[in-house]
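Written below as structure tokens is the structure these notes are about.
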Amino acid sequence: MPRLMELNRYIRDVPDFPKPGILFKDITPLLRDAGALRDCIDQLAARLDGKRIDAIAGIESRGFLFAATLAVRLGVGLVPLRKPNKLPYRRVREEYALEYGHDALEMHEDAVQKGQRVVLVDDLLATGGTMSAGRRLVERMGGEVAACLFVIELTFLGGRAKLAGVPVESLLRY
Ligand code: AMP
């Protein structure tokens, strides 16, 4: 798969960002290259071949970039899953643990209808906490998670195990 190997070249490693010890996977070189971005969206779309999909849910904030582009490509709507207190209307919340403390994601209560098949999208899978919270939001409102899609997966953190029971797809693994 030569296309996948090429995408690799558009991910920049930034050591010690946002804090010491973290090797940040910077996707901005991929975003600014029209061909690489199109390839990336094509590759994400290909992972959904043959699935019935009603909506794409993107995780704030880098997940939005891929989710919105993919939604347009597939001809389905976009559901934003946001950090607390950003969404204006009535919302549901799911918390998740961080290394120190916790964070949460919120979704509008009418964003997903019962029985809808939803694909969740984020830029990167690390420990899986963020995506598990997204999954719980969709399932709480009666949606069915058709897949969790990532551009990058940090396999050594084992986040995939936290998403057991739903299909997990990633384009680049480290
Ligand atoms: P987690 O909940 O541990 O799976 O973390 C995933 C979320 O944190 C995603 O929204 C990523 O954008 C972000 N993230 C975690 N680790 C990294 C990393 N090394 N480089 C870039 N983003 C990261």
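Being a predicted model, the structure only gives us computed values, none of them experimental. Throughout, residue positions are numbered sequentially from 1 according to the sequence presented. Just follow the structure's listing: the first ligand is 1, and inside any ligand the first atom is 1.
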Exercise. Run through ligand 1 for me and note each protein residue having a heavy atom under 4.0 Å from it, chain first, then residue number.
Key: Leu23, Phe24, Lys25, Arg62, Asp122, Asp123, Leu124, Ala126, Thr127, Gly128, Gly129, Thr130, Leu154

Quiz item: Donor-acceptor pair, Gln116 side chain versus Gln113 backbone, under 3.5 Å?
Solution: yes

Quiz item: Between Arg82 and Glu106, is there a side-chain N and carboxylate O pair less than 4.0 Å apart?
Solution: no

Quiz item: Would you call Arg140 and Glu94 a salt bridge, taking side-chain N to carboxylate O under 4.0 Å as the test?
Solution: yes

Quiz item: According to the ring-ring contact (aromatic ring centres under 6.0 Å, His included) rule, which pairs have a member within residues 23-46, sequence neighbours left out?
Solution: Phe17-Phe24

Quiz item: Less than 4.0 Å between a side-chain N and a carboxylate O, is that true for Arg52 and Asp54?
Solution: yes

Exercise. Walk me through it: do Leu31 and Leu65 pass the test side-chain contact (heavy atoms from CB on, under 4.5 Å)?
Key: CA-CA 9 Å; Leu31 295 174; Leu65 303 166; 3.6 Å; yes

